[in-house]
Amino acid sequence: QMALADSDVDKRVRVLDSRKRDLNDRRFQLTETRAEIRGLEEVDRAFAAASPALAWALSKQRDLPGFIGPLTDHIKASAAHEQLVERLLGGDLFALLVEDSRAAALVAASVRDNADGDISIVPVDRVAPDATGVSGNRLIDSIECAARTRNALSALIGDVVLVDDLNAAIAASTKTDSARFVTPSGEVVWPSGKISIGRLVDDSASVLARKRLINELHDSASALTAAVGDAESATTSAEEALSAAQQDALELGQRLAATTGEHDSLREEVGRLEQTLTTLDADADGVTARSN
């Protein structure tokens, strides 16, 4: 029983060591993820601070009537179209969304009187024309947003249609004057026939990609926080199991020591009795010899 108890303690020690390593690994991953989130959010704040008007509006958002927030906080483009959306939105990527035209006028006046720099202010209650009815895939359909901000997004890029290449864009633009046509490489053909070209931003400089990554990292942080909790519970259970095994081993050790002590005491008593018996036998032999 003592050997089995010692073996159980050894096993529990190994299990606890494994649980502690797992807990430390998950804590490290959580720390790294949180640090990455902080770094990306710092970059986001730096982008906002680059526009004095936007920075001022964000700092006063509680005081501005009908304030909703920057467009970037309310849209999520598919990864394949993030760069296209940024190119088409341009400076409007950081447009301020407000509840209605009255709020737009009040916010515009406040920003104008208190901060420098350019900024777009878009009410979300206005229904804007879009490229519905034009053949092709609309860029806006690749963007997720709340229902109440859909009109504002439509006002900015609802007229943009995705096409395969520049030739297709030019050909399509001759058939309508209500849409812009954009290619996967970012070339834009306007209703006037104007063609805009330029390199798309890469993922490292993409505002929307950074927003997406921040959201993904927040999800990962939540999952890791739960995993750390599970690992802490597993570690606590392993510690309790080890403590119980050690207590069992201790009690068995005490019982073994007591039994060994009793065994040794009984052997000594047997030795004394045997000595007494030997003496009595010798006395009996002596008495027998004298009586003969």
Side-chain angles (χ1 to χ4, degrees), residues 1-46 73 76 78-80 144 203-204 206 208-292:
Q1 287 179 335
M2 195 67 223
L4 289 173
D6 286 340
S7 175
D8 188 42
V9 169
D10 290 340
K11 182 182 75 174
R12 300 296 179 186
V13 168
R14 291 193 297 272
V15 169
L16 178 57
D17 288 342
S18 175
R19 296 291 184 270
K20 285 181 175 179
R21 286 194 299 271
D22 185 45
L23 175 58
N24 289 335
D25 288 345
R26 295 185 181 189
R27 282 175 171 168
F28 177 77
Q29 292 172 8
L30 179 58
T31 299
E32 289 286 290
T33 299
R34 285 174 172 169
E36 191 171 358
I37 290 172
R38 286 194 297 271
L40 291 172
E41 289 177 338
E42 282 294 329
V43 175
D44 249 13
R45 283 190 287 271
D73 291 348
K76 180 181 179 182
S78 64
E144 296 178 21
D203 283 345
S204 63
S206 170
L208 294 179
R210 183 168 59 251
K211 292 280 188 183
R212 172 172 52 81
L213 181 55
I214 288 174
N215 290 331
E216 291 172 353
L217 288 171
H218 275 298
D219 291 341
S220 296
S222 296
L224 285 170
T225 299
V228 167
D230 292 342
E232 287 174 340
S233 296
T235 300
T236 299
S237 297
E239 289 173 339
E240 292 172 350
L242 174 58
S243 178
Q246 289 173 328
Q247 183 63 33
D248 289 344
L250 175 62
E251 291 174 0
L252 279 172
Q254 292 172 339
R255 286 169 55 193
L256 177 59
T259 302
T260 301
E262 185 179 358
H263 177 265
D264 292 343
S265 176
L266 288 173
R267 286 182 65 86
E268 291 175 0
E269 181 64 20
V270 168
R272 287 194 297 272
L273 290 173
E274 289 176 341
Q275 183 62 41
T276 300
L277 182 58
T278 300
T279 300
L280 289 173
D281 286 342
D283 290 345
D285 291 343
V287 171
T288 300
R290 285 196 298 275
S291 42
N292 289 335

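Heavy atoms only: backbone and side chains are in, while hydrogens, waters and symmetry mates are out.
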Gap between atom CD of Glu36 and atom OG1 of Thr31 - 0.5 Å precision: 13.0 Å

Contact summary for Met2 and Gly253, nearest pair of heavy atoms: SD-N, 3.6 Å

Close side-chain approach of Arg12 and Val15, heavy atoms under 4.5 Å: no

Atom CD of Gln1: over 12 foreign heavy atoms under 6.0 Å: no

Taking every non-hydrogen atom, the tightest pair across Leu40 and Ile214: CB-CG1, 3.6 Å

Donor-acceptor contact below 3.5 Å, side chain Thr279 vs main chain Gln275: yes

Distance in Å, Thr33 OG1 paired with Arg38 CZ, rounded so as to fall on 0.5 Å steps: 10.5 Å

Point-to-point distance, once rounded to the nearest 0.5 Å, from CG of Leu217 to CZ of Arg212: 10.5 Å

Heavy-atom closest pair, residues Leu30 and Ala221: CD1-O, 3.6 Å

Any donor-acceptor N/O pair, Arg26 side chain to Ala227 backbone, under 3.5 Å: yes

Step-by-step side-chain contact (heavy atoms from CB on, under 4.5 Å) determination, Leu213 to Glu216: CA-CA 5 Å; Leu213 181 55; Glu216 291 172 353; 4.0 Å; yes

Any donor-acceptor N/O pair, Thr288 side chain to Ala284 backbone, under 3.5 Å: yes

Euclidean distance, Glu274 CD relative to Glu269 CD, rounded to 0.5 Å: 10.5 Å

Approximate separation, where rounding is to 0.5 Å, of Arg14 CZ and Asp17 CG: 9.5 Å

Nearest atoms (heavy-atom pairs only) where Glu232 meets Leu23: CG-CD1, 3.5 Å

Between NZ on residue Lys20 and CZ on residue Arg27, distance to nearest 0.5 Å: 10.5 Å

Step-by-step salt bridge (charged side-chain N to carboxylate O under 4.0 Å, His left out) determination, Arg255 to Glu251: CA-CA 6 Å; Arg255 286 169 55 193; Glu251 291 174 0; over 6 Å; no

Which atom of Thr235 lies closest to which atom of Leu16, heavy atoms considered: O-CD1, 3.7 Å

Exceeds 12 heavy-atom contacts within 6.0 angstrom, atom NZ of Lys211: yes

Contact summary for Ala249 and Val9, nearest pair of heavy atoms: CB-CG2, 4.0 Å

Contacts of Asp219 that satisfy salt bridge (charged side-chain N to carboxylate O under 4.0 Å, His left out) - sequence neighbours left out: none

Ser237 (side chain) donor-acceptor with Ser233 (main chain) under 3.5 angstrom: yes

Side-chain (Ser243) to main-chain (Glu239) donor-acceptor, under 3.5 angstrom: no

Side-chain donor/acceptor of Asp8 to backbone N/O of Leu4, under 3.5 Å: no

Verdict with supporting geometry, Leu224 and Glu32, side-chain contact (heavy atoms from CB on, under 4.5 Å): CA-CA 11 Å; Leu224 285 170; Glu32 289 286 290; over 6 Å; no

